[in-house]
Structure formats: structure tokens, C-alpha cells
There are 4 protein chains.
Amino acid sequence: MSEQDKMIDELFNHDEELTEKQKKILAAAIESFAEKGYAATSTSEIAKKAGVAEGTIFRHYKTKKELLLTIVAPMMAKLIAPFVIKDFNKVLNQDYEHFEDFVRAMIENRTKFLMSNMQLFRILIQEIPFHPELKEQFKEHIAKKIFERFEKVIAHYQAKGQIIDMPPFSVIRMTASTIFGYVIARYLLVPEAEWDDEAEIERTVQFLMHGLSPIK
Amino acid sequence: MSEQDKMIDELFNHDEELTEKQKKILAAAIESFAEKGYAATSTSEIAKKAGVAEGTIFRHYKTKKELLLTIVAPMMAKLIAPFVIKDFNKVLNQDYEHFEDFVRAMIENRTKFLMSNMQLFRILIQEIPFHPELKEQFKEHIAKKIFERFEKVIAHYQAKGQIIDMPPFSVIRMTASTIFGYVIARYLLVPEAEWDDEAEIERTVQFLMHGLSPIK
Amino acid sequence: MSEQDKMIDELFNHDEELTEKQKKILAAAIESFAEKGYAATSTSEIAKKAGVAEGTIFRHYKTKKELLLTIVAPMMAKLIAPFVIKDFNKVLNQDYEHFEDFVRAMIENRTKFLMSNMQLFRILIQEIPFHPELKEQFKEHIAKKIFERFEKVIAHYQAKGQIIDMPPFSVIRMTASTIFGYVIARYLLVPEAEWDDEAEIERTVQFLMHGLSPIK
Amino acid sequence: MSEQDKMIDELFNHDEELTEKQKKILAAAIESFAEKGYAATSTSEIAKKAGVAEGTIFRHYKTKKELLLTIVAPMMAKLIAPFVIKDFNKVLNQDYEHFEDFVRAMIENRTKFLMSNMQLFRILIQEIPFHPELKEQFKEHIAKKIFERFEKVIAHYQAKGQIIDMPPFSVIRMTASTIFGYVIARYLLVPEAEWDDEAEIERTVQFLMHGLSPIK
DNA sequence: AATGAATGAGATTTCATTCAT
DNA sequence: GATGAATGAAATCTCATTCAT
């Protein structure tokens with residue numbers, strides 16, 4: 001079983017099992033959508049790449065759009081998974097005494113996730129601007145939830161005097177910019193450069209910590 | 001003359017004059033490409049929006065792709081204009097004694113530019129991933145040039161002890177992430193929120209400055 | 001099954017079966033190409049005449065040009081078929097003691113073939129001048145092969161003293177001119193005239209025989 | 001003044017003078033029509049090749065078809081010129097005692113003419129099959145006239161016992177096949193071969209003479 | 001469940017022709 | 001006379017989707 005296959009199994013295997021053909025279709029669609037974009041990918045192209053007949057795609061997914069949503073929805077869900085686990089706050093209080101520990105843990109966890117789902121991440125950020133319903137879904141189900149959770153976290157560490165006193169939204173914005181900036185540069189913009197990942201992550205964490213530390 | 005028209009005149013009016021219809025076509029294409037993406041925009045739609053016959057588009061631009069390139073190319077050029085002016089270094093030495101002044105000037109100048117060309121900026125970042133030739137062009141003509149110039153600037157301020165000792169590439173990456181993160185959040189992700197721009201920019205500058213200041 | 005259908009089956013039915021629609025498309029294309037020429041025939045016209053949707057044409061033939069080649073290629077092949085049969089020489093030695101017998105057999109065989117494939121022959125001679133790749137193909141695969149075989153035949157009968165001593169190329173040229181001249185006049189230029197085919201062929205054979213007989 | 005120009009002047013200069021632009025248009029059209037065919041040649045292409053604006057063509061020729069007719073008509077006229085001169089019969093009686101002299105004179109005269117107007121000849125034979133009105137015109141004004149004249153010539157030499165007793169139509173058909181066969185092979189099919197023109201013409205004349213000589 | 005031929009709407013592009021300058 | 005921008009009809013081709021097998 002290939003990496004690709006494992007990823008697909010993990011992300012898409014909810015209730016019913018996926019047939020072999022369905023997995024092939026998903027894998028082919030993911031590859032093409034990531035590379036050329038949803039609108040520029042034809043269903044016949046996906047069929048050919050997946051090694052199935054054109055009609056087969058429409059047997060499983062009523063429309064091309066549904067195929068996109070099938071791909072994008074679980075990615076969104078998994079993206080915020082760590083932030084919506086029930087005992088997020090408890091974990092927080094117990095595990096991470098310093099904001100730095102929290103940030104480091106978040107970065108490590110999320111970069112690993114994005115890294116092993118880079119194509120899906122690409123599709124997500126490339127297609128959201130073009131599909132209002134995706135945008136809406138993203139804001140409502142993802143951004144809002146993350147923001148709510150994070151707000152408390154920020155307040156928590158601000159109360160402890162570990163973070164500069166600043167509107168939580170701004171803190172979140174900067175943190176997100178910094179982390180996504182790293183991931184995008186690392187895996188999308190210049191993946192071919194030589195990266196010392198450990199050192200670069202360390203620098204990124206330091207940058208964030210200093211940038212957000214309270215002014216003495 | 002509308003804002004749109006002024007912008008088009010400024011960006012596209014090189015040698016020959018543009019006819020009225022050409023401007024209309026460019027304006028319509030920019031609007032549609034920004035909103036729905038290049039691949040999902042039909043030339044008939046552009047023609048209708050521009051109030052011209054479909055054939056007219058192809059009289060001026062041999063292909064739909066050429067229309068995209070006509071739109072994107074000058075945007076790229078203008079984007080780096082401030083960094084490639086001949087006496088960039090002189091300006092630097094004379095005008096900005098502190099890195100903070102430099103950063104502040106850069107942010108103000110570039111955010112203003114992006115703000116008044118937001119649709120073009122959207123097209124740029126939305127389409128680059130889908131067109132290898134655009135990507136290449138961007139790397140070769142834009143990223144590389146900016147990097148070369150910036151590298152010297154960073155070295156300059158590092159020598160003066162104003163910035164942390166870190167590979168220039170990392171400094172540039174963090175600076176860019178922070179600035180683009182602001183612009184994208186401000187104008188693309190949540191433009192509908194209430195923004196206190198002055199304060200937010202100030203916070204962003206402070207974040208950057210602290211994040212990059214040498215460790216005491 | 002119509003005459004048309006039989007001809008199409010015979011010429012185009014290689015490995016896979018042709019669907020009913022494909023035959024209709026080929027028949028319609030042949031008719032239109034012969035009458036108005038390739039360039040002046042639109043695919044929508046072919047579709048209408050064939051009673052299929054325009055898209056159906058492109059499902060079977062990637063481009064209009066491919067449709068032309070599909071039509072023209074087997075015609076070329078069949079045209080030279082009798083000359084490239086393996087034991088062409090044996091047949092020759094045994095069957096035709098006199099050059100006249102050979103010529104007569106050739107004329108009868110080839111005129112019959114052309115007659116029952118007149119539309120395809122028209123397309124062939126009408127389109128070859130406009131398509132360099134067809135021209136090349138014709139020269140390489142048809143003209144050259146026929147020439148090689150014929151050269152030996154000519155030499156054979158010259159050695160027997162039945163034909164005038166003349167460069168084989170010239171003999172072939174005159175023979176071909178005479179035969180094609182008859183076919184073209186008979187079926188393309190003035191098909192509406194009253195032709196006594198038997199007598200005319202006899203005259204043509206006599207003309208050729210006298211024209212090429214050795215000088216006494 | 002180029003060869004091309006001289007030819008155009010000679011063929012097209014009837015009453016009014018042709019402007020420089022008109023000559024350029026005609027020359028460009030002739031070149032393109034000969035090479036790619038009328039239907040596959042666009043007026044914009046002709047305009048570009050002629051170095052004039054697209055509109056200019058339509059100032060001189062109402063339609064593209066008219067441009068074709070302007071080119072083809074005088075070619076037809078010149079093609080039969082020698083056969084319709086008033087005293088064709090007189091000339092005949094006096095000048096050519098033997099059929100061979102007549103044939104030789106005809107071949108020399110007409111091959112020279114065709115040779116120096118090869119592009120126009122190509123257009124003529126390539127386009128006649130596609131344009132019913134051209135076909136009609138050709139039959140009515142050219143073929144018929146030539147046939148009438150030639151019939152008398154043939155009868156004349158048959159009466160003198162110099163030609164085989166055969167329907168004049170057949171004699172003409174064979175003569176025409178032989179002559180056109182030579183011209184087409186020489187200048188259109190294999191112009192790149194090494195031709196000993198004098199010898200080849202001599203062979204062709206001999207072939208014709210023997211082919212048509214009375215049976216002893 | 002799977003196929004792939006067929007469809008028809010629509011996409012991009014071409015082109016002969018017109019017309020204001 | 002000449003230009004070339006503009007047109008709109010039509011040409012080639014693409015594509016998501018349907019449906020009989």
C-alpha cells in the first residue's frame with residue numbers, strides 16, 4: 001500500500017469502505033486538482049489517470065463539484081482536529097506551562113500534518129477563493145472555531161504575562177502568518193532549496209516568541 | 001475617468017495608446033479573473049462585461065493566455081519596482097538609519113501599492129501556482145532580484161547590530177510572511193472586519209522588530 | 001447494406017469493428033470532402049449529414065485532419081496493393097507473355113478499383129497538393145514502391161524486345177499519364193458523355209502499345 | 001521588375017493600370033492559393049504577405065471569391081489563346097505539313113506558357129473541381145472551343161492519312177493526357193528530379209506520334 | 001458496478017467583411 | 001485610396017453528464 005493510498009484511507013474512510021476504483025479516482029483527482037486547479041482539470045483526464053471509464057466517476061460522485069467537495073471536506077475537518085478536541089483547555093493547562101512550549105507543539109504537529117497532506121493543502125488554499133460555498137464553510141466551521149479556541153489560549157498566556165498585551169486577533173494573525181509562511185515557503189515555493197528543517201523551525205519559533213514577548 | 005481606468009492607464013500604457021475597447025477588455029478580464037479565476041472565466045463572459053464583440057478580444061490578444069500574461073506581467077514588474085531602482089543602496093544608507101525605518105517605509109509603500117491593485121495581486125497569487133511559465137518568470141525576474149537586493153540590506157543592518165544574526169534567507173522569509181500575512185488578511189480574507197489600519201500596521205512593525213532584534 | 005457501406009467496411013474495417021455512427025461519419029465525410037474539398041467542408045456539416053452530434057466526430061477522430069488521414073491512408077494502401085503482392089514477379093513471368101497482356105490486365109484491374117472508389121480517388125488527388133505530409137507519404141510509400149516494381153517489369157519486356165528502349169521512368173510516366181488520363185476524363189471530367197467503355201479502353205491500350213513499341 | 005511582376009502585368013493589365021498595391025495583392029494571393037488552396041487561405045494572410053491592410057483587399061475586390069476569379073479568368077483566356085486566333089486554320093494549312101510538326105509546335109508553345117505560369121496553372125486545376133461556376137466556365141469557354149478547333153485539325157490530318165482513324169475525341173484525349181502528363185510530372189510532381197527536358201520532350205512527341213500513327 | 005459511446009451546450013478561435021477615420 | 005479596429009457568424013474543439021449495454 002502506497003503513501004498515497006494510506007493517506008486516502010485515513011482521510012476518506014468513514015463509514016462505507018472505498019472500492020479500489022474509488023481510491024484510484026480520488027488519488028487521480030487530488031493529483032490533478034493540486035497541479036492544474038479544479039477548473040482546468042477535466043473529468044476525462046481524471047478517468048484516464050485513474051484507469052477507469054469516464055462514466056465510473058459519475059457513478060460515485062454525481063458531479064465534478066461533488067468530487068471536489070468530497071476531497072476538500074475531510075481535509076478541512078482534519079486541519080482543525082487538534083483544536084476542537086474536547087479537552088483542549090485541559091490539555092493546555094496541564095501540558096504547556098510556557099507559551100513557547102505550546103507554539104512549538106502546535107508547529108510540529110501541524111507542519112507534520114500539512115507536510116504529509118501537501119496536495120490536499122494546496123487544493124484547499126487554491127480553491128477556496130473560487131468557491132463561495134467553500135469560503136463560507138471554511139470561515140464558519142474552521143476559522144471561527146480555531147479563533148474561538150485560540151482566543152482563550154492567548155488570553156491565558158497574556159494573563160500569565162508571557163505574551164504581549166495585544167488584541168487576540170492580531171496575535172493569531174501574526175502566529176498564523178508565521179507558521180503558514182514557513183510551510184508555504186518550505187513545501188510550495190522553494191521545496192527544491194536545501195532546508196535544515198530543524199534549525200529553520202527553531203528560528204521560526206524564536207522569531208515568534210520574541211515578536212510576541214511582552215515589552216520590558 | 002474611473003479609478004479602474006486610471007490604474008489600467010498607469011499599469012498598461014507603455015508605448016502605444018490603448019484603445020477604449022482594449023481598456024474595457026482589460027478591466028473586464030481583471031475583474032473576472034480575480035473573482036472566478038482564469039480557467040473558470042470564459043472569453044464570451046469577458047466580452048459581454050466589456051461590451052465588445054468576442055472577436056475583438058482576439059484581435060488584440062492572440063489567445064486567452066496572452067490576455068492573462070498581458071495583465072500579469074506589468075503587475076510583476078511594478079511589484080518589484082522599488083527594489084530595483086538603480087540607487088537602491090544609496091537611498092538605503094542615507095535615508096534609513098534604523099532597520100525599523102526601512103521596514104516601516106517598505107510596508108507603507110508596498111501595502112499602499114497592493115491595496116490599490118488588489119485585484120491584480122489576487123490574480124497574481126491565484127494563478128502563479130497553475131502556470132509553470134508564470135512561476136518561472138516570477139522566480140527568475142521577481143523573487144531572485146528582490147532577494148539579491150534584500151540580502152545586502154539585511155547584511156547592512158546585521159553589521160550595524162540592528163538585526164539578529166541569522167541567514168538572510170530566513171530573515172527575508174519572516175519579513176515577507178509578516179507583511180503578506182497582513183495584506184492578505186486585511187484585504188482578502190477578512191476585509192469586512194473593522195480594521196484600525198494605523199494601529200495594526202504599528203503592531204505588525206513592532207512584531208517584526210522584536211522578532212528580528214538581536215538577542216541580548 | 002448499401003454500396004457505400006460495403007466499400008467503407010472493406011476499406012476501413014481493420015482490427016476493431018466500426019460503430020454504426022462511425023461508418024455514417026466516414027461516409028458523410030467522404031461525400032463532402034470529395035465534393036467541396038477538405039478545407040471547405042465544416043465538421044458541423046459532416047455531423048448533420050451523418051446524423052450525429054458534432055461532438056461524436058471528435059470522440060472518434062481527435063481532429064478534423066485526423067479524419068482526413070483516416071480516409072486517405074487506406075485508399076493509398078489499396079491503390080498499390082496489386083503491385084506489392086509478394087510474388088508480383090512470378091505472376092508476371094508466368095501469366096503475361098506479352099507486355100500488352102500485362103497492360104491490359106493492369107488497366108482493367110485498376111480502373112475497376114478506381115471506378116468503385118471514385119470519391120476516395122478524388123479526395124486523394126485533390127488533397128495531396130495541399131498537405132505536405134500527404135505528399136510525402138504518397139511519394140515515399142506509394143510512388144516509390146510502384147516505381148521500383150514497375151522498373152523491373154519494364155526492363156523485363158525491354159529485354160524481350162517488346163518495348164522501346166527508353167529510360168524506365170519515361171515509360172512509366174507515359175503509361176501512367178495514359179491510364180490516369182482515361183480514368184480522369186471518364187469519371188471526373190466528362191462522366192456525362194456517352195462512353196463506349198470497352199472500345200475506349202481498347203483504343204487506349206492500342207495507343208499505349210504502339211506508342212511504346214520498338215522502332216523498326 | 002521581377003519575373004512575378006512581369007507575369008502579373010502581362011496577364012492582368014487590361015484597361016486600367018494596376019496600382020502597386022493591387023499587384024502586391026495579386027502576387028500574394030497567387031502564391032497562397034497555389035500553395036494552400038483557395039479555401040485554406042485567409043484574406044488576412046494575403047494582406048500580410050502583400051504588405052497592405054486587410055481592408056485594402058476589399059477595396060479592390062468585393063469578395064474573396066472575386067479575387068479568385070480575377071486571378072483565374074485571364075489564365076483561362078491565355079491558355080486557349082493560340083487555339084482561337086482567327087486564322088488558326090490558315091496557319092495550320094500553311095505551316096505544318098505533318099502532324100508531328102503541329103504537335104511539336106503545340107507542345108513547345110504550351111509547355112513554355114505553362115512553365116512560366118505554373119502557379120496559376122496549379123490554381124486553375126486545383127480549384128476547378130471545387131467551384132461549379134469555374135467548371136462551367138472552363139467547359140463552355142475553354143474545353144469546348146479547343147475541342148472544336150482541334151476536331152478540324154485531327155480530321156485534316158486523318159484525311160491526309162497521317163493519323164489513325166479514331167474518334168477525334170479519343171485522339172484529343174490521348175494527346176492532352178500525354179502533354180499534361182508531362183507538364184504535371186515535370187513541374188508539379190517531381191520538379192526536383194534531374195530532367196533532360198529536350199530529350200524528354202522528344203520522347204514524348206515520338207510516343208504520341210507512334211501511338212497515333214495509322215496501323216499499317 | 002462498470003463501461004464507453006453519445007450528446008449538446010459552450011469554449012476558444014478564425015475569418016470575411018464593414019466602416020469610421 | 002488606404003487603414004485597421006471592430007464585428008458577428010461560423011469553425012474547430014472540449015467537456016460534464018447521460019444512458020444503453
Side-chain angles (χ1 to χ4, degrees), chain A residues 19-22 24-25 38-48 50-67, chain B residues 16-22 24-25 39-47 50-67, chain C residues 17-22 24-25 39-47 50-67, chain D residues 19-22 24-25 39-48 50-67:
Chain A
T19 68
E20 210 49 48
K21 303 244 170 194
Q22 280 193 71
K24 289 253 181 67
I25 291 169
Y38 168 79
T41 299
S42 74
T43 50
S44 83
E45 194 187 331
I46 295 172
K48 197 177 291 169
V52 305
E54 297 192 45
T56 307
I57 293 176
F58 291 91
R59 186 146 289 282
H60 294 291
Y61 309 95
K62 270 201 290 295
T63 64
K64 187 184 164 194
K65 189 71 168 258
E66 192 183 300
L67 179 56
Chain B
E16 326 110 59
E17 283 300 314
L18 294 173
T19 67
E20 211 48 49
K21 304 249 168 191
Q22 278 194 74
K24 289 251 181 69
I25 291 170
T41 300
S42 75
T43 50
S44 85
E45 196 188 330
I46 296 172
V52 305
E54 206 165 348
T56 307
I57 293 176
F58 291 93
R59 168 153 287 276
H60 294 293
Y61 309 97
K62 272 197 287 293
T63 63
K64 189 185 162 193
K65 187 75 167 256
E66 192 182 301
L67 177 56
Chain C
E17 282 299 314
L18 294 174
T19 67
E20 213 47 49
K21 304 248 169 190
Q22 278 194 73
K24 289 252 182 67
I25 291 169
T41 300
S42 77
T43 50
S44 86
E45 194 187 331
I46 295 171
V52 305
E54 204 165 350
T56 306
I57 293 177
F58 291 94
R59 168 153 287 275
H60 294 292
Y61 309 96
K62 272 199 288 294
T63 63
K64 188 185 163 193
K65 188 74 168 257
E66 192 183 301
L67 178 56
Chain D
T19 68
E20 210 49 47
K21 303 245 169 194
Q22 282 193 71
K24 287 252 181 68
I25 292 170
T41 299
S42 74
T43 51
S44 83
E45 194 188 330
I46 295 172
K48 198 177 289 169
V52 305
E54 298 192 42
T56 307
I57 292 176
F58 291 90
R59 186 146 289 282
H60 294 291
Y61 309 95
K62 271 201 289 295
T63 63
K64 188 185 163 192
K65 189 73 169 255
E66 192 183 301
L67 178 55

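Note on naming: letters A, B, ... go to the chains in the order of the sequence lines (proteins, then strands), and numbering restarts at 1 for each one. Atom set for the values below is all heavy atoms of this structure, side chains included, hydrogens, waters and symmetry mates excluded.
- At dA6(F), one or more side-chain N or O atoms of T19(B) fall inside 4.0 Å of OP1 or OP2 (strictly under the cut-off).
- Of the side-chain N and O atoms in R59(D), none sit less than 4.0 angstrom from OP1 or OP2 of dG1(F).
- For H60(A) and dA2(E), the shortest distance from a side-chain N or O to OP1 or OP2 is below 4.0 Å.
- The shortest distance between the side-chain N/O atoms of T43(B) and the OP1/OP2 oxygens of dA11(E) is not below 4.0 Å.
- Put simply, K21(B) has no side-chain N or O that comes within less than 4.0 Å of OP1 or OP2 on dA6(F).
- Nearer the 5' end of DNA chain F, as judged by each residue's closest nucleotide, is the contact made by I57(D), out of I57(D) and A40(A).
- In this structure, the nucleotide among dT18(F), dT12(F), dT3(E) sitting nearest to the side chain of K64(C) is dT12(F).
- Side chain of S42(B), nearest nucleotide from dT7(E), dT12(E), dT13(E): dT12(E).
- Looking at the side chain of F58(C), the nearest of the listed nucleotides dA16(F), dC13(F), dG8(F) is dC13(F).
- OP1 or OP2 of dT7(F) sits under 4.0 Å from a side-chain N or O of T56(B).
- Using Watson-Crick or G-U wobble geometry with both donor-acceptor distances under 3.5 Å, dA20(E) finds its partner in dT3(F).
- Side-chain N or O atoms of E54(B) include one that pairs as donor or acceptor with a backbone N or O of S44(B) at under 3.5 Å.
- Comparing dG4(F), dC13(F), dA11(F) against the side chain of E54(C) picks out dC13(F) as the nearest.
- Base-pair partner of dA1(E): not found among the strands shown (Watson-Crick or G-U wobble, both distances under 3.5 Å).
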